[in-house]
Amino acid sequence: PERQSEPKESTDEVENIPFICNDWMRNLRVSTNSEKAQKLQDLTAYANAIHSILSNIISIEDLDKAIDTEIRNGLLKPEEIESVRSKILNIITHPNLEKYFDKNLVILNERDFIDQNGEVFRADRVIIDEQKVSILDYKTGVQDISHHSQIDHYANFFKNLGYQIDQKILVYLRNDSDENEIVAVN
């Protein structure tokens, strides 16, 4: 192949480019949020432990065994035991929730389901009483409309299977108190 561009003549001219040097030490900021990160990690571990315990509870009779399992697995610190027990008791004995912790009902905790589109989802607690289904979903943090959409998706799945939807309930686990927020989704 033949060359199509003309070679440029090189010049010995040098162009001076200004070099700016700042004292970078003055502009350097070091984040010291490891304490915040550790606190967030601890809160997440605490919420996960509660969620795990709830996944092993059919009725109130299962509470001690579920807590002992978390202790043996190292997911629950000794100083958290009473707080966790109190928080979970407030859920399973709550006047609006205690009927969903009856050992005579069919309880499906942390079960995977596949919807008609092939999407896999996992409901926290599905309660089947003959042809009626109620769904409990445990959440941490603040209320979000996406939580309503998620539990509605679960309910539509069971409705398509021929079940009547009795209740859809979001249970917000509060880290800062034993009280939990119970939200019925219409």
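Bear in mind that the values here come from a model prediction, so they are computed numbers and not experimental data.
Between the Ser55 side chain and the Ser52 main chain, a donor and an acceptor come within less than 3.5 Å of each other. Remark: side-chain polar atoms of Asn109 are paired, donor with acceptor, to backbone N or O of Ile57 under 3.5 angstrom. Thr93 contributes a side-chain N or O that, together with a main-chain N or O of Leu89, makes up a donor-acceptor pair within less than 3.5 Å.
Both Ile71 and Ile50 belong to a single network of hydrophobic side chains, linked directly or stepwise wherever heavy atoms of I, L, V, M, F, W or Y lie under 4.5 Å apart. Hydrophobic clustering (ILVMFWY, side-chain heavy atoms < 4.5 Å, transitive): Tyr138 and Ile53 are in one cluster. Residues Val84 and Ile92 share a hydrophobic cluster, clusters being chains of Ile/Leu/Val/Met/Phe/Trp/Tyr side chains in contact below 4.5 Å. Ile128 and Ile58 sit in two unconnected hydrophobic clusters of ILVMFWY residues. Membership requires side-chain heavy atoms under 4.5 Å apart, directly or through other members. At a threshold of 4.5 Å between side-chain heavy atoms, the hydrophobic network of Ile, Leu, Val, Met, Phe, Trp and Tyr places Leu173 and Val183 in two separate groups.
Here the shortest heavy-atom pairing between Asp112 and Arg122 reads OD1-NE, 2.8 Å. Between Gln150 and Asp137, the shortest heavy-atom distance links the atoms OE1-OD2, 3.3 Å. Nearest heavy-atom pair, Leu76 versus Ala49, reported as atom, atom and distance to 0.1 Å: CD1-CB, 4.2 Å. Among all heavy-atom pairs drawn from Thr140 and Ala47, the shortest one is CG2-CB, 3.4 Å. Leu108 approaches Arg111 most closely through the heavy-atom pair CD2-NH1, 3.1 Å. Summarising the geometry of Ala66 relative to Asn56, their closest heavy-atom pair is CB-CB, 3.9 Å, with the distance given to 0.1 Å.
Checked against ring-ring contact (aromatic ring centres under 6.0 Å, His included), His153 has the following partners two or more places apart in sequence or in another chain: Phe121. Asp129 is linked by a side chain to side chain contact (heavy atoms under 4.5 Å, CB included) to Leu105, counting only residues two or more places apart in sequence or in another chain. For Asp62, there are no side chain to side chain donor-acceptor pair (under 3.5 Å) partners at least two apart in sequence or on another chain.
The side-chain hydrogen bond (donor to acceptor under 3.5 Å, both in side chains) pairs that include a residue from residues 157-172 are Ser134-Asp166, His147-Tyr172, Asp152-Lys168, where partners are two or more places apart or lie in different chains. Sorted by first then second residue, the ring-ring contact (aromatic ring centres under 6.0 Å, His included) pairs that include residues 74-109, not counting sequence neighbours, number zero. For residues 50-60, there are no salt bridge (charged side-chain N to carboxylate O under 4.0 Å, His left out) pairs, not counting sequence neighbours.
Side-chain contact check for Ile135 versus Ile169: every heavy-atom pair is 4.5 Å or farther apart. Taking 4.5 Å as the limit, some side-chain heavy atom of Leu63 sits within range of a side-chain heavy atom of Ile88. The side-chain heavy atoms of Lys139 and Glu181, taken from C-beta on, include no pair separated by under 4.5 Å. A heavy-atom distance below 4.5 Å is not found between the side chains of Ile127 and Asp102. A 4.5 Å side-chain heavy-atom check between Thr69 and Arg72 finds at least one atom pair inside the cut-off. The shortest side-chain heavy-atom distance between Glu119 and Ile114 does not fall under the 4.5 Å cut-off.
Here the straight-line distance linking atom NZ of Lys87 with atom CG of Asn90 works out to 8.0 Å at 0.5 Å rounding. Atom CG of Asn96 is separated from atom CD1 of Ile91 by 13.0 Å, given to the nearest 0.5 angstrom. Distance check: His51 NE2 to Leu75 CG gives 13.5 Å after rounding to the nearest 0.5 Å.
By the neighbour-count criterion of 12 heavy atoms within 6.0 Å, atom CG of Asn186 is sparsely surrounded, having that number or fewer from other residues, nucleotides or ligands. Environment of CD in Glu130: sparse, with no more than 12 heavy atoms of neighbouring residues, nucleotides or ligands closer than 6.0 Å.
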Walk me through it: do Arg85 and Asp64 pass the test salt bridge (charged side-chain N to carboxylate O under 4.0 Å, His left out)? CA-CA 8 Å; Arg85 176 184 302 281; Asp64 290 331; 2.5 Å; yes

Glu70 vs Ile67, test: side-chain contact (heavy atoms from CB on, under 4.5 Å). Steps then yes/no. CA-CA 5 Å; Glu70 291 304 302; Ile67 288 175; 5.8 Å; no

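By the 30° and 60° cut-offs, the orientation of the rings of Phe157 relative to Phe113 is tilted.
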